[in-house]
Amino acid sequence: MQRDIERILIPHAQIATRVQELAKMITADHGVTEITIIPILTGAMIFCADLIRHLPMRMQIVLLTVSSYPGRSIRSQGSNILSDQVGDLRGKHVLLVDDIIDSGGTLRLVRDMLSEAGAASLKTCVLLRKPTNGAKQTPVDYLGFEIPDSFVVGYGLDYNDLYRNLPDIVTLKPHVLAGKTHV
Ligand code: IMP
Ligand code: MG
């Protein structure tokens, strides 16, 4: 995997510091209110796992799987909800957690779906944002980092379902993105 990396964009230590800062902001805004955390899988899995261990309030965790970059795609193919266990959210304070906003399509789709489920409040926490028009039109309550418009992997983000376990956020060498993976 290491030899497929082009450049480390955000090293793990910097991610860890930012995750703690985000958790402090979320805690300050929510106080002791019980919250429902909804990570958008699979990409938000690692970010969410780190984030929630810095949150002191009572919480439920509800999983939601959305696919928008199937297989070797490096551009969104349109977002699809693959599975959810969301159910009734009436009276719940929901925090939606995602890895990255590119076109913003995923977050808009999920937000619309969740607002129909009757949550008392709905906030969004996203680790990375690319400088696209769609992303700019999709407001986020808690944002980790702005990154350039390049395809990144690691810390939960994948290419062709690989590289999620890299601790840093990195770019891949062009030949890897052309489909010739060495793993
Ligand atoms: P959007 O719907 O275009 O905003 O894309 C959001 C989803 O696409 C994210 O939740 C990621 O799963 C995936 N995605 C977007 N950009 C990247 C990337 O650079 N690397 C890996 N996955 C990405
Ligand atoms: Mg995702």
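Counting convention: from 1, in listed order, for ligands and their atoms alike. Bear in mind that the values here come from a model prediction, so they are computed numbers and not experimental data.
For the residue pair Arg108 and Thr138, a side-chain donor N or O sits within less than 3.5 Å of a side-chain acceptor on the partner. Between the side chains of Tyr163 and Asp4, a donor-acceptor pair is found at a separation under 3.5 Å. With no hydrogens or angles considered, a side-chain donor-acceptor pair links Asp29 and Tyr142 at under 3.5 Å.
Residue Asp99 holds the heavy atom nearest to atom 9 (C) of ligand 1 of all those in Ile40, Thr106, Asp99, Leu172. Taking each of Lys130, Arg129, Arg108 in turn, the one with a heavy atom nearest to atom 17 (C) of ligand 1 proves to be Lys130.
Distances below 4.0 Å separate heavy atoms of Gly104 from the following atoms of ligand 1: 1 (P), 3 (O), 4 (O). Of all atoms in ligand 1, listed by their number and element, those nearer than 4.0 Å to a heavy atom of Ser103 are 1 (P), 2 (O), 3 (O), 4 (O). Heavy-atom contacts of Ile101 reach the following atoms of ligand 1: 4 (O) (cutoff under 4.0 Å). Heavy-atom contacts of Asp158 reach the following atoms of ligand 1: 21 (C) (cutoff under 4.0 Å).
Nearest heavy atoms, Val19 versus His54: CG1-CD2, 4.1 Å. Between Arg3 and Lys173, the closest heavy-atom pair is O-NZ, 2.6 Å.
When non-hydrogen atoms are compared, ligand 1 lies under 4.0 Å from the side chain of Asp98 (C-beta onward) but not from its backbone. Contacts with ligand 1 closer than 4.0 Å are made by heavy atoms of both the backbone and the side chain of Ile100.
The pair Asp158-Arg164 meets the salt-bridge criterion, with a side-chain N (NZ, NE, NH1 or NH2) lying under 4.0 Å from an Asp/Glu carboxylate O.
The shortest distance between side-chain heavy atoms of Arg129 and Asp102 does not fall below 4.5 Å.
Any N or O atom pair closer than 3.5 Å counts here, and Leu107 shares no such pair with ligand 1.
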